[in-house]
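Proteins get letters first, then strands, A, B, ... in listed order; numbering begins at 1 in each.
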Number of protein chains: 2
Amino acid sequence: MMPMTSIEPTIRLTQASEVTEVLVQDIISGQLPEGSRISEPELSRRYGIGRGPLREAILRLEGMGLVVRAPHVGARVVTLTRQELSEIFAIREALEGIAAREAARNMTNEDLIDLGQLIESHARYVDEHNGEAYMDQEGDYDFHYRIIKASGNKRLIRALCDELYHLVRIYRRSSNSAARPEQALTEHQMIYKALKDRDGELAEILMRRHIARACREIEAAIEQQQNE
Amino acid sequence: MMPMTSIEPTIRLTQASEVTEVLVQDIISGQLPEGSRISEPELSRRYGIGRGPLREAILRLEGMGLVVRAPHVGARVVTLTRQELSEIFAIREALEGIAAREAARNMTNEDLIDLGQLIESHARYVDEHNGEAYMDQEGDYDFHYRIIKASGNKRLIRALCDELYHLVRIYRRSSNSAARPEQALTEHQMIYKALKDRDGELAEILMRRHIARACREIEAAIEQQQNE
DNA sequence: AATTAAAATATTGTCAACAATATTCGATGA
DNA sequence: TCATCGAATATTGTTGACAATATTTTAATT
């Protein structure tokens, strides 16, 4: 056993999965804007692959909710109305709440230590940069990612990390959402404390409020954006 | 506008979507048992269609979580371990809780009247049948369906009705889960009252407890089933 | 006999052509 | 000029063949 010494782990990804990644990136980056058509012949030419794998990729995007398909008509990049965005956040609130609750039960002590270090590095960053930017919001994602992963619920992880988050990122691209870093940091610290205390109920409540607040901020930002 | 008088609304479904339905039914009915391989050539012959539409159907099943696919190996019907079943119920608890909360805000008065009638018919049924069977559990689904639909959250509806429920139904097939009807009916009535009072918070709490209890019942049934 | 290696087989992944449907463009009429 | 109808075009849906990979069978060696 262990016959081959190949470092390269023979991960010859399939074309369909590769082009799926590319399409996700193109949508999130805005190269394929919201509402734009997904033309099979065009993309087939652009990426130099047949329509078969491309269709598989589009099917996957539909599963992620990044694309809407109509029979005999084709696929379009989803357009996130304000309504839909708030729908997505409602789901996120529910799911991440559960994730926090289960994480409180399932996190290892090592997980907790790592999470504490992450928060400390965020705190330093916010301190040094006078509350600006907050690591381009990536740090926020890190925090949420780790808790979701720590929940140990595979379907939950898939639903949040592989599906919902892409949708949120689409929105984040176009809006320069403020994201008050001190406030967020404080909330993270409280959630962390609840996790460390293994208080799943409290962790859930705090996580839900954290996300609900972020949702309200975004809605306010949209409001403001529309009034200028 | 409105040029054609065709009653038949030109719903010429695509082969892929038709075979998707068939496969879902076959999986839920147990004709394709848990863990069995999904062979493309075999099913292609059996249903008399090409492999293209069949692959699209399999992709969709994967999106629903009914099937697990491995590159260059193929797809298998998912096998629901006890662990996974409890994962699914955790997600259901979170999502249906939110659905109840939003339904309390968005239900029309007519929706409420209809729901009340549904509960009354359930009550009559339980009364007449001395607490047996409870309409093959279909009535329970009806109740949940209506609340989910009434939430008005399209993504939530899709996640619950088009994806999660199929998974629960797979399990229900093999187990003759008892489902104590009086208890369930009482819980339904309480949820209904909260909805009528437009008390979203309470409706959410009650719905979550309702589902958590069902989950515990199922786990107990599994336990018992294994010990015989 | 058991284990490994190699060939044969079967299955999945991909491609290119064809069929069915939708969209676009232009012609015709009022 | 505008609306409506029809032909032309383009796109999606489907098929069958081929390529790449995995699985099974067979053969050979220890």
Does a side-chain N or O of B/T14 approach OP1 or OP2 of D/dT12 to a distance below 4.0 Å, or not? no

Side chain of A/H72 (C-beta onward), nearest among C/dG13, C/dA22, D/dT14: C/dA22

Go through C/dG13, C/dT14, D/dT15 for me and flag the one nearest to the B/P53 side chain. D/dT15

Parallel, tilted or perpendicular: which one describes the rings of B/H210 and B/H144, with boundaries at 30° and 60°? parallel

How close or far is atom C1' of D/dT14 from atom OH of B/Y47, stated in whole angstroms? 18 Å

Per the salt bridge (charged side-chain N to carboxylate O under 4.0 Å, His left out) rule, what does the pair list look like for residues 66-77 of chain A, sequence neighbours excluded? A/E62-A/R69, A/R69-B/E56

Whole angstroms only, please: what is the CZ-C1' distance between A/R76 and C/dT23? 12 Å

Between CZ of A/R45 and C1' of D/dT11 the distance, given in whole Å, is 11 Å

Between C/dC15 and A/Q15, is there an OP1 or OP2 to side-chain N/O distance shorter than 4.0 Å? yes

Closest to the side chain of B/R51, out of D/dA17, C/dC15, C/dA17, is D/dA17

Tell me the interatomic distance from B/R55, atom CZ, to C/dT14, atom P, rounded to whole angstroms. 7 Å

For B/L54, answer base if it contacts any base atom (sugar-phosphate contacts may also be present), sugar-phosphate if it contacts only those atoms, and nothing otherwise; contact means non-hydrogen atoms under 4.0 Å. nothing

Select one nucleotide: of D/dT14, D/dA22, D/dT11, the one nearest the side-chain heavy atoms of B/V73. D/dA22

To the nearest 0.5 Å, what is the distance between OG on A/S86 and CD1 on A/I218? 11.0 Å

With nearest nucleotide decided by heavy atoms, which residue, B/R37 or B/I49, maps closer to the 5′ end of DNA chain D? B/I49

For a quick check of understanding: with a heavy-atom distance under 4.0 Å over all strands, which category does B/E56 fall into, base, sugar-phosphate or nothing? nothing

How many whole angstroms separate atom CD1 of A/I38 from atom P of C/dA22? 20 Å

How about B/F143 and B/Y192: are their ring centres within less than 6.0 Å of each other? no

Base, sugar-phosphate alone, or nothing: which one does A/I58 contact when heavy atoms must sit under 4.0 Å apart? nothing

Answer with base, sugar-phosphate or nothing: what part of the nucleic acid does B/G74 contact at a heavy-atom distance below 4.0 Å? sugar-phosphate

Nearest-nucleotide wise, let me know which of A/G50 and B/E40 is further upstream toward the 5' end of DNA chain C. B/E40

Whether the side chain of B/S151 engages the backbone of B/A103 through a donor-acceptor N/O pair (distance < 3.5 Å, no angle test) should be reported. no

